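For reference, positions follow the sequence shown, starting with 1. Please read all numbers here as calculations on a predicted model, not as lab measurements. Basis for what follows: all heavy atoms, side chains included, without hydrogens, waters or symmetry-related copies.
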Amino acid sequence: MPPSRSHIRATIETYLARHAEEREALDGLLAVLDGAGEPSSRATLPAHITCSAVVIDRDRRVLHIRHRASGLLLAPGGHVEAGDRTLLAAALREVCEEAGIHPGDLYLTPQFLDAPIDVDVHDIDASPAKDEPAHLHFDFRFVFYLAAAQPPALALQDEEVADAQWLPFADVRSPTLRAKLLDAEAEGLDGQPEPVNASALIHDKAGRYLLHLRDDRDGIWEPWTFALLGGGREPGDSCLEATLRRELAEEVPGLEPAGLTPYAVEEATGVDGLAVPIVVYAGCWNGDADTVELREGVLLKWFTVDMLDRLRLSPGLADLIRRHAAEHPAVEVPEAARPVPGEAPAGTALHVVGVHLHLERDGKVLLGLRHPDSAYAGRSWHALAGHLEAEAATAGLAREAFEEAGLVIDPADLELVHTVHTMDRPGARPRIQLFFRPRHWEGTPEVREPDRCLAWQWWDAKDLPEPIVPYTRVAIEGIRAGRSYSELGWER
């Protein structure tokens, strides 16, 4: 099947979000998409979609090929075929056919990912030999970096391609593409590959690793295999850790591994055959996988190293886990600290426990502005907060206060001043939000996790900012009123 209309429309809208000034010029393209004919078929006239590959080497040069029929130097490209799953896949097939550069020789760029850098509209003369009248091409141009430091030997399609040249951005033949390349160069498009995917190697420090089973469907990367949680960068992600935290929030909301740090860079092959370097972050979590709300994939389970040979794993994953396990020997965890399936009475709903710092000074309370890319409450004000590891609530909050804001608090100085019992939405796991007030603390609040919090600020408790996390407002108002308990989100 050729690329679907929904895929083409989404690709157009992603492009127009960056180039809104071109919407009028692409009205004809939108009309083709709304028409009766297949938008990417060469039989659809008077206009249809084509795709090109803009391949950039380490010296910021773009591959051009000279077509025998026209004598023009162009980026490799052509018509979409029925077997092309996406427009990007069509561009990859064309550069492979015309220049011998395989998808595995190429990386996506962090600036454009799988979106086109340019959509060009150009006239095609009539071709009596092909029985084709004059028509328009809407050419979607996708940009790629070479994976290797040196350009590979080209295998040109002799019957159609006369020769090839690598041209600097300033000499690119297409005016629209040249202008966009030069603009993107100022934003970091430099031919130097970097990872645009991130995964989480989640372990419990006791020798278990958390894996999820992918769906067995077309278009799924490595379907029906056990793999790490994670995914690809999106345009709004500020960094790869933000990518990973967003992916975790989408795939397993509420699962927030502690101490995520880069561990390794692994090379994989994407669903379209592209080379995909993946930054693997290691982090610790010791919850019950069966209680996690899994929104993508089929299954989420803990596995020990000795079970890996019995599983169908994504390539290289077994070696990665074994290497990590050898470098981080398992720590004995008391049985009482492990979640035991069935230990609670039937019908019991497990709750997530959050700890929060209610810090007061001269009638004002300390709040942090969450980063726009934060997995939770982006661009909202919130109390200093975190989730518990295998630790007491006061110890966990003291740890979070130091990690997030550099504040030194003795757990013995924390007193519980309010509890909010929340339900975010029907079917979600309920949460217990504990708010503690320190009797004594040291330090000046500072931003120590800039990927999560942009600023700390003191706010009048009677005039709280907007937007603010709803249960944080409820807790602060409850504390001012002398109440110790509130509920939010429950149907009565």
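The pair Arg322-Asp309 counts as a salt bridge, with a side-chain nitrogen and a carboxylate oxygen less than 4.0 angstrom apart. Between Arg233 and Glu247 there is no salt bridge, since no side-chain nitrogen of the basic residue lies less than 4.0 Å from a carboxylate oxygen of the acidic one. With respect to the salt-bridge test (charged N to carboxylate O, under 4.0 angstrom), the residues Arg245 and Glu241 qualify. Using a cut-off of 4.0 Å between Lys/Arg side-chain N and Asp/Glu carboxylate O, Lys301 and Asp290 are scored as salt-bridged.
Shown here are the salt bridge (Lys or Arg N to Asp or Glu O under 4.0 Å) partners of Glu296, two or more places apart in sequence or in another chain: there are none. Taking Glu267 as the reference, nothing meets the salt bridge (Lys or Arg N to Asp or Glu O under 4.0 Å) condition, with sequence neighbours excluded. Partners of Arg246 under the salt bridge (Lys or Arg N to Asp or Glu O under 4.0 Å) rule, at least two apart in sequence or in another chain, are Glu234, Asp237, Glu250. Contacts of Pro372 classified as side-chain contact (heavy atoms from CB on, under 4.5 Å), with partners at least two apart in sequence or in another chain: Arg379, Leu454. Phe435 pairs by the ring pair (Phe, Tyr, Trp, His ring centres under 6.0 Å) definition with His356, not counting sequence neighbours. A search for salt bridge (Lys or Arg N to Asp or Glu O under 4.0 Å) contacts involving Asp139 returns Arg141, not counting sequence neighbours. Looking at residues two or more places apart in sequence or on another chain, you find a ring pair (Phe, Tyr, Trp, His ring centres under 6.0 Å) between His324 and His203, Tyr209, Tyr263, His328. For His19, the ring pair (Phe, Tyr, Trp, His ring centres under 6.0 Å) test picks out Tyr15, with sequence neighbours left out.
Put simply, the side chain of Trp456 does not reach to within 4.5 Å of the side chain of Leu367, judged on heavy atoms. Considering only heavy atoms from C-beta on, Val119 stays 4.5 Å or farther from Thr11 through its side chain. Counting heavy atoms from C-beta on, the side chains of Cys284 and Asp204 never come closer than 4.5 Å. Phe144 has its side chain out of reach of Thr109: every pair of non-hydrogen atoms, C-beta onward, lies at least 4.5 Å apart. Looking only at side-chain heavy atoms (C-beta outward), Ile117 and Phe142 stay at 4.5 Å or farther from each other. Counting heavy atoms from C-beta outward, Ile479 and Arg437 have side chains that approach closer than 4.5 Å. In this structure, the side chains of Ile101 and Pro152 come closer than 4.5 Å at one or more pairs of heavy atoms. Under the 4.5 Å side-chain criterion, counting only non-hydrogen atoms from C-beta, Tyr281 is not in contact with Leu201.
With values rounded to the nearest 0.5 angstrom, Trp381 atom CH2 is found 9.0 Å from Leu366 atom CG.
A side-chain donor-acceptor contact under 3.5 Å links Glu256 and His387.
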What donor-acceptor contacts under 3.5 angstrom involve side-chain atoms of residues 215-232, with partners at least two apart or in another chain?
residue	atom	partner	partner atom	Å
Asp215	OD2	Gly297	N	3.2
Trp221	NE1	Thr269	O	2.6
Glu222	OE1	Arg214	NH1	2.9
Thr225	OG1	Glu222	O	2.7

Could you pull out all donor-acceptor pairs under 3.5 Å where a side-chain atom in residues 395-418 meets a protein atom, sequence neighbours excluded?
residue	atom	partner	partner atom	Å
Arg399	NE	Glu391	OE1	3.2
Arg399	NE	Glu391	OE2	3.4
Arg399	NH1	Glu403	OE1	3.2
Arg399	NH2	Glu391	OE2	2.6
Asp410	OD1	Ala412	N	2.9
His418	ND1	Arg483	O	2.8
His418	NE2	Ser486	OG	2.7

Kindly list each side-chain donor-acceptor pair under 3.5 angstrom involving residues 53-61, sequence neighbours excluded, with atom names and distances?
residue	atom	partner	partner atom	Å
Asp57	OD1	Asp59	N	3.0
Asp57	OD1	Arg60	N	3.2
Asp57	OD1	Arg61	N	2.9
Asp57	OD2	Arg61	NE	2.8
Asp57	OD2	Arg61	NH2	2.8
Arg58	NH2	Ala147	O	2.8
Arg60	NH1	Glu185	OE2	3.0

What pairs of donor and acceptor atoms, side-chain ones from residues 88-100 against any protein atom, are under 3.5 angstrom apart with sequence neighbours left out?
residue	atom	partner	partner atom	Å
Arg93	NE	Asp84	OD1	2.9
Arg93	NE	Asp84	OD2	3.2
Arg93	NH1	Glu81	OE2	3.4
Arg93	NH1	Glu97	OE1	3.2
Arg93	NH1	Glu97	OE2	3.3
Arg93	NH2	His79	O	2.8
Arg93	NH2	Asp84	OD2	2.9
Glu98	OE1	Gly77	N	3.0

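In this structure, Arg361 satisfies the cation-pi test against Trp458, with its NZ or CZ atom closer than 6.0 Å to the six-membered ring centre and inside 45 degrees of the ring normal.
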Could you walk me through whether His382 and Thr472 pass side-chain hydrogen bond (donor to acceptor under 3.5 Å, both in side chains), step by step?
-> CA-CA 6 Å; His382 191 26; Thr472 298; 2.7 Å; yes
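Checked against a 6.0 Å centroid threshold, the rings of His421 and Tyr471 do not count as neighbours.
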